[in-house]
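Since this is a predicted model, take the numbers as computed values, not measurements. When a residue number appears, it is its place in the shown sequence, counting from 1.
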Amino acid sequence: MQPCEGTEVVPPNSRSHTCLLSGVYMCNLKVLVWLSFNIDGPKEVAMKLAVRSEDESASHAIHEIVASG
């Protein structure tokens, strides 16, 4: 996965950030990931993940990979 549109850069002192990732999953399936981070407290970070691909099973697999982290 590679960041898109300069979203890999987090502004200084930011409390939230969204990163767009693009790549290819097994069997050459194109995948787009929307990843959003928010700082909820002094040591808490909330993450939202949305995955889109040409095959729903690839999207589910990427969700599982991130969840098992």
Report task. Say whether Ile62 and Met47 are linked into one hydrophobic cluster, either directly or through other cluster members, by side-chain heavy-atom distances under 4.5 angstrom. Result -> yes
**Report entry** 4.5 Å side-chain heavy-atom contact, Glu44 and Ile39
**Finding:** no
**Report entry** Where at least one partner belongs to residues 56-69, residue pairs that pass side chain to side chain donor-acceptor pair (under 3.5 Å), sequence neighbours excluded
**Finding:** Ser53-Ser59, Asp55-Ser57, Glu56-His60
**Report entry** Residues that Lys48 engages under side chain to side chain contact (heavy atoms under 4.5 Å, CB included), provided they are two or more places apart
**Finding:** Trp34, Ser36
Query - Pairs meeting criterion side chain to side chain donor-acceptor pair (under 3.5 Å) with involvement of residues 4-15, two or more places apart - result: none
Report task. Take Gln2 and Leu21, measure what side chain to side chain contact (heavy atoms under 4.5 Å, CB included) needs, and give me the verdict at the end. Result -> CA-CA 5 Å; Gln2 297 289 325; Leu21 302 170; over 6 Å; no
Query raised in the report: Do Leu20 and Val51 sit in the same hydrophobic cluster, where Ile, Leu, Val, Met, Phe, Trp and Tyr count as joined when their side-chain heavy atoms come under 4.5 Å apart?
Result: no
Query raised in the report: Got Val33 and Met1 here, is their nearest side-chain heavy-atom distance under 4.5 Å?
Result: yes
Would you be so kind as to tabulate the donor-acceptor pairs closer than 3.5 Å made by side chains of residues 24-32, with sequence neighbours excluded?
none

